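Here the structure comes first, spelled out in structure tokens, and everything after it is commentary.
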Amino acid sequence: MASVASKLYSDDVSLLVLLLDTNPLFWDTTSTTFSQFLSHVLAFLNAVLGLNQLNQVVVIATGYSSCDYVYDSSLTSNVSSESRGARMPALFGSLLEKLEDFIGRDAELAEGDEHVDRIASSLLSGSLSMALCYIQRVFRSGHLHPQPRILCLQGSPDGPEQYVAVMNSIFSAQRLMVPIDSCYIGTQNSAFLQQASYITGGVHHAPKQLDGLFQFLTTIFATDLHTRGFVQLPKPVGVDFRASCFCHKKTIDMGSVFGQSKLDAANASSSVNDRKRRAPDS
Amino acid sequence: MSNQRKRPNGEREEDDEEDDAEGIGQWERAYVDDRSWEALQEDESGLLRPIDTSAIYHAQYRRRLRMLSAAAAGTRIQKGLIRYLYIVIDFSRAAAETDFRPSRMAIMAKHVEAFIREFFDQNPLSQIGLVSIKNGIAHTLTDLGGSPESHIQALMGKLEAAGDSSLQNALELVHEHLNQIPSYGHREVLILYSALSTSDPGDIMETIQKCKKSRLRCSVIGLSAEMFICKHLCQETGGLYSVAVDEVHLKDLLLEHAPPPPAIAEFAISNLIKMGFPQRAAEGSMAICSCHKEVKIGAGYTCPRCKARVCELPTECTICGLTLVSSPHLARSYHHLFPIAPFDEVPTLSSSNDPRRKLGKSCFGCQQSLLGAGNKPGPCVTCRKCKHYFCLDCDIYIHESLHNCPGCESTHRPKSVSLLEE
């Protein structure tokens with residue numbers, strides 16, 4: 001098996017880690033239902049698996065109060081036994097089952113929260129961290145491995161409390177040379193996803209109509225890393241890199257930065273302050 | 001095979017001895033340095049087995065983590081995020097020694113290149129300068145700057161070793177350069193010293209006192225043996241002195257200096273430093289850039305204060321002197337401010353009511369099975385806050401590269417608990 005595998009490991013074998021947003025607070029507000037969205041996504045996953053016999057797909061669900069793995073195409077329990085050696089899962093039965101379980105558990109965990117004005121963000125930093133741990137495991141498994149990339153299918157807005165964690169994940173992905181593609185299906189712009197794709201060299205796209213989602217997914221996000229050199233993909237335009245003030249949360253283009261960092265149990269004081277604050281002596 | 005002419009049996013034995021006396025055959029040379037008996041270890045019953053490197057590696061890593069967290073626990077540690085570091089490399093005749101293969105000079109250059117890249121990755125707002133010591137005189141290879149490529153090119157361009165080494169001349173030169181930088185920056189020197197002596201024009205103790213007064217933190221990495229003067233220098237200025245035993249050790253010692261060191265309390269001045277966050281210029285716009293003095297089209301950044309165009313970040317605006325950075329550059333240092341606590345080791349219980357059998361069959365991060373040989377629970381670690389289980393490799397990856405605990409990030413916190421209270 002090893003020699004056959006090495007002959008089949010050409011440049012375009014890819015491992016796609018899909019981070020699926022299941023946040024109920026977002027899906028309640030869209031015109032497209034979650035099940036219609038899922039049908040586009042499942043068709044897309046079939047397309048990716050069909051492009052190359054050795055392609056792998058892992059799906060991690062990003063919920064409101066938890067994240068978990070729902071599908072891994074390399075696990076033998078997912079391979080249908082009728083097909084003669086071909087690794088084409090027919091109906092993703094286990095994916096849908098696990099996804100339903102996950103959404104149920106997520107909703108139970110969220111019931112404990114009694115806040116009326118919940119910011120509708122999902123736990124992007126959690127699923128990004130899990131995806132990177134999985135990719136790190138793939139790298140450890142030897143030098144014959146598919147080329148990994150991450151695709152974020154996100155609709156919920158950014159949660160500002162996740163900024164540091166998301167940036168940490170982005171820099172770690174940059175060091176591992178794993179591109180983070182992002183497909184944003186929500187209403188406002190997502191600065192986190194734009195920065196993630198820009199810094200790691202991935203593709204960012206925000207399709208306007210969710211009816212044609214399958215078309216966007218297959219034409220833009222299904223190409224493997226080797227083929228991207230020959231294909232015209234959406235280029236990054238106008239990524240907003242301005243910082244925001246730690247206290248006022250407004251974007252600023254000139255500010256003051258503390259030269260030291262103080263690690264104190266009570267406060268962390270490396271911050272970017274708006275210039276309207278008390279001016280320092282220097 | 002050795003170049004022996006074939007001779008009859010009786011005489012061949014003499015030839016073999018002669019050959020041994022003259023030199024060894026080519027096939028034997030491959031084994032001269034290979035001490036494979038050192039990679040073996042006895043187990044409980046006295047049988048030999050190869051050393052289990054992954055467990056040792058993980059144990060070393062945990063020891064290091066414990067030392068770091070013990071140092072930081074309970075104290076208010078300030079870390080200097082804006083560092084001005086001079087790397088002093090000794091190119092005296094001792095650098096041409098071949099105890100490091102191929103020579104000390106080549107190994108030093110290779111590892112300093114890796115160090116420079118790692119340094120700018122962890123400290124994007126800092127600057128490095130290079131100084132070399134040759135023939136008893138210290139030369140500045142590059143001035144303080146923030147671009148790794150220019151330093152690496154200057155370093156690789158001149159790799160020759162000659163003459164004596166002079167510690168005092170190097171310190172005087174570095175002291176002169178670092179006196180000019182603003183007070184909020186942290187002044188550091190890292191000396192890679194291969195020689196066993198120093199030929200100085202004056203009293204080196206005075207120079208050391210001068211450096212101490214100017215708050216210069218000097219660290220030394222020796223390549224040959226421990227020297228009193230280096231130890232004294234590091235003790236006086238608050239730096240770190242270590243001597244490398246082999247190439248791998250040298251690399252580890254060098255990379256220890258990449259994360260920001262704890263700042264000495266009296267020396268640290270808390271200042272607010274003005275910085276600009278430029279916007280990217282629109283595609284197709286034309287301007288004369290201030291760094292190359294040429295007309296450029298499209299990609300570039302506009303200084304928010306004087307509207308001059310610069311080509312890359314981070315940099316200082318040549319017109320008005322404002323430090324220009326982008327928010328990801330600042331964000332690279334955030335993990336020093338919000339570090340994650342080390343994970344706890346889980347004792348491997350073999351009792352059947354091990355709670356782990358129900359909870360953690362697989363690592364939360366990578367889904368690898370945590371069961372060892374024969375379905376017994378293998379070694380793993382757990383996070384104190386979220387109580388999820390992780391395998392040893394994820395533990396190392398999370399603490400050294402990712403700086404996020406996947407379990408804590410995947411747990412929803414109610415809005416009232418702010419980021420600062422973690």
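Just so we're clear, the structure is a prediction, and the values are computed from it rather than from any experiment. Hydrogens, waters and symmetry mates are skipped; everything else that's a heavy atom, side chains included, is used.
With a 4.5 angstrom heavy-atom cutoff, B/F364 touches chain A via backbone and side-chain atoms both. Within the 4.5 angstrom heavy-atom criterion, atoms from both the backbone and the side chain of A/M130 approach chain B. Contact annotation for A/L124: neither backbone nor side-chain heavy atoms come within less than 4.5 Å of a heavy atom of chain B. There is no contact between B/L324 and chain A, counting heavy-atom distances below 4.5 Å. Only the side chain of A/Q174 comes within contact range of chain B, with at least one heavy atom under 4.5 Å from a heavy atom of that chain.
B/A331 and A/Y163 make their closest contact through CB-OH, 3.9 Å (heavy atoms, listed as atom of the first residue, atom of the second, distance). Nearest heavy atoms, A/R140 versus B/C391: NH2-SG, 4.4 Å.
Going from atom CD of B/Q367 over to atom CG of A/L75 covers 8.5 Å, rounded to the nearest 0.5 Å. Taken to the nearest 0.5 Å, the CG atom of A/L132 stands 12.0 Å off from the SG atom of B/C366. In this structure, B/Q368 CD and A/C133 SG are separated by 11.0 Å, a value rounded to the nearest 0.5 Å. The structure places CG of A/N168 at 8.5 Å from CD1 of B/I340, a figure rounded to the nearest 0.5 Å. The line from CZ of A/F171 to CG of B/L402 is 12.5 Å long, rounded to the nearest 0.5 Å.
The shortest side-chain heavy-atom distance between A/S127 and B/S410 does not fall under the 4.5 Å cut-off. Using a 4.5 Å cut-off on side-chain heavy atoms (C-beta onward), A/L176 and B/Y397 make contact. The shortest side-chain heavy-atom distance between A/I199 and B/P328 falls under the 4.5 Å cut-off. Inter-residue side-chain proximity for B/T411 and A/S66 is flagged as unmet; no heavy-atom pair is nearer than 4.5 Å. Residues A/L123 and B/E409 are not in side-chain contact: their nearest non-hydrogen atoms beyond the backbone lie 4.5 Å or more apart.
Side-chain N/O atoms of B/N404 and A/S169 include a donor and acceptor closer than 3.5 Å. Between the side chains of B/S401 and A/S172, at least one donor-acceptor pair of N or O atoms lies under 3.5 Å.
Taking a cutoff of 4.0 Å between a charged side-chain nitrogen and a carboxylate oxygen, A/R137 and B/D393 do not qualify as a salt bridge.
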